[in-house]
Amino acid sequence: MLDSSLQQLGSALRARKISSVELTQLYLDRIAALNPALNAYITNNAEASLAQARAADMLLSEGKAHPLTGIPVAQKDIFCAKGWRTTCGSKMLENFIAPYDAHVIKQFNNAGAVNLGKTNMDEFAMGSSNETSYFGAVKNPWDQKAVPGGSSGGSACAVAARLCAAATGTDTGGSIRQPAALCGVSGLKPTYGVVSRYGMIAFASSLDQAGPMARSAEDLAMMLNVMAGFDERDSTSLQRDKEDYARDLEKPLNGLRIGLPKEFFAGGLSNDVAQAVETAIAEYRKLGATIVEITLPNSRLSVPVYYVLAPAEASSNLSRFDGVRYGYRAPEYSDLTDMYEKSRAQGFGAEVKRRIMIGTYVLSHGYYDAYYLQAQKIRRLIAQDFTEAYKQCDVIMGPTSPSTAFKFGEKGDDPVQMYLSDIYTIAVNLAGLPGMSIPCGFGSDNMPVGLQIIGNYFDEARMLNVAHQYQLATDWHSRAPQGL
Ligand code: GLN
């Protein structure tokens with residue numbers, strides 16, 4: 001049951017071979033046994049999950065089921081879910097109970113899915129290892145001394161360790177794809193604007209995008225079908241016809257043109273990852289694809305550009321946490337300014353403070369032109385590189401992360417080393433393109449390696465097709481961590 005696809009779970013539920021209450025209980029028991037060590041969830045609420053499961057069982061028995069009805073899904077703790085504690089991995093929101101549902105949560109509720117719990121994450125989604133979470137780091141289920149990646153590390157761990165059927169994540173600079181790669185699961189960041197950000201706690205609004213994390217491309221397509229769609233409450237939500245993201249899964253790949261950016265295979269890439277990715281590319285040739293070398297000349301600037309723009313936006317977004325309206329308030333203070341200062345000083349962790357300081361600096365008078373404006377111009381050039389590249393290819397492939405999962409503490413003292421974890425993922429967010437990661441092998445340390453697939457705008461259905469055909473031909477995606 002724990003290894004079943006969403007399709008199989010849905011069929012079992014509809015055939016009443018298992019009830020949603022039984023399935024939910026199965027996961028809750030497993031969470032109770034394994035979560036104390038793995039720390040994938042910040043909050044579980046068995047009563048609330050089982051109430052949803054009972055409602056799903058009603059729909060199922062009335063024959064009114066949607067494909068995900070009754071299926072337990074884990075939600076990243078960045079999404080407001082009515083009545084649920086929603087912390088965003090921060091002390092600032094340690095006791096915050098969301099008064100409304102994010103669009104994504106609402107979509108799952110409407111589909112009859114069960115909210116199994118809120119997954120752990122780097123504080124305010126800032127990080128690549130989950131070490132910045134106020135609630136303690138998530139462990140990588142393949143090796144508990146290794147990081148799960150971040151910021152959606154809790155969701156990646158929960159999917160890999162079979163602590164949920166599938167999960168949600170968000171990706172501002174790689175936070176779906178990098179933890180998916182490090183934990184050996186599949187994850188997709190859609191085109192910017194495809195999934196509404198309403199009720200999703202904002203980090204860097206021009207980059208943030210929610211997407212699914214699951215054990216296969218097929219499952220991702222079912223999840224995205226629920227998550228995507230226009231929402232007037234998010235001004236960047238795109239008004240487009242509803243699509244079925246599973247429509248092209250079965251198409252053969254004959255004639256597919258895969259672009260390999262030469263910059264993605266240069267210095268800084270570990271041998272383990274390079275080898276697994278090259279083997280995956282060879283598999284694609286067998287499946288009928290042709291390979292084209294492309295160039296993304298400005299991609300080398302994506303990390304510095306991101307670390308100007310993302311902190312700038314974060315410093316503005318996080319100004320709402322002032323100790324007045326919601327969130328943490330310092331217990332003692334002398335006047336209003338002192339209350340603001342103490343609440344923010346005590347409520348935010350070190351990485352969040354670092355970003356706020358960088359952000360206010362690059363936006364300040366005198367530095368705005370030199371940093372912020374310059375970064376915006378380079379962002380445009382990075383996006384143009386992709387537009388040029390897509391004249392020669394249909395999808396772009398490369399590594400998701402430069403190495404397999406590193407050990408706890410290894411990069412903790414050096415923010416720049418940590419920031420380089422996202423060297424292959426960030427350009428995709430800057431351009432607003434869709435990107436995904438799928439498992440493609442293991443390193444010499446027996447840790448999973450992720451293959452990144454980058455599509456053109458709105459090409460999610462094709463990317464899922466490209467991933468699914470690979471998953472039909474290989475079994476990396478169905479490997480599970482042992483000994484849990
Ligand atoms: N690791 C990157 C950062 O710390 C990306 C995070 C994300 O995508 N949310 O900003």
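Indexing begins at 1, ligand by ligand and atom by atom, following the structure's order.
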Legend entry - Contacts of type side-chain contact (heavy atoms from CB on, under 4.5 Å), residue N120, not counting sequence neighbours: N39, I42, N130, S133, F135, V138
Legend entry - Counterpart residues, side-chain contact (heavy atoms from CB on, under 4.5 Å), relative to S302 (two or more places apart): I382, I426, A427, L430
Inset, instruction - Write out the protein residues near ligand 1, meaning a non-hydrogen atom under 4.0 Å from one of its atoms, in order of chain and number. - result: A125, M126, G127, S128, S151, D171, T172, G173, G174, S175, F203, Y306, Y307, R355, D422
Legend entry - Over 12 foreign heavy atoms within 6.0 Å of NZ, K91: yes
Inset, instruction - Please name all residues satisfying side-chain hydrogen bond (donor to acceptor under 3.5 Å, both in side chains) with R479, sequence neighbours left out, ordered by chain then number. - result: D475
Legend entry - Parallel, tilted or perpendicular: rings of F348 and F321 (30°, 60°): perpendicular
Legend entry - Pairing of R85 and D77 as salt bridge, 4.0 angstrom limit: no
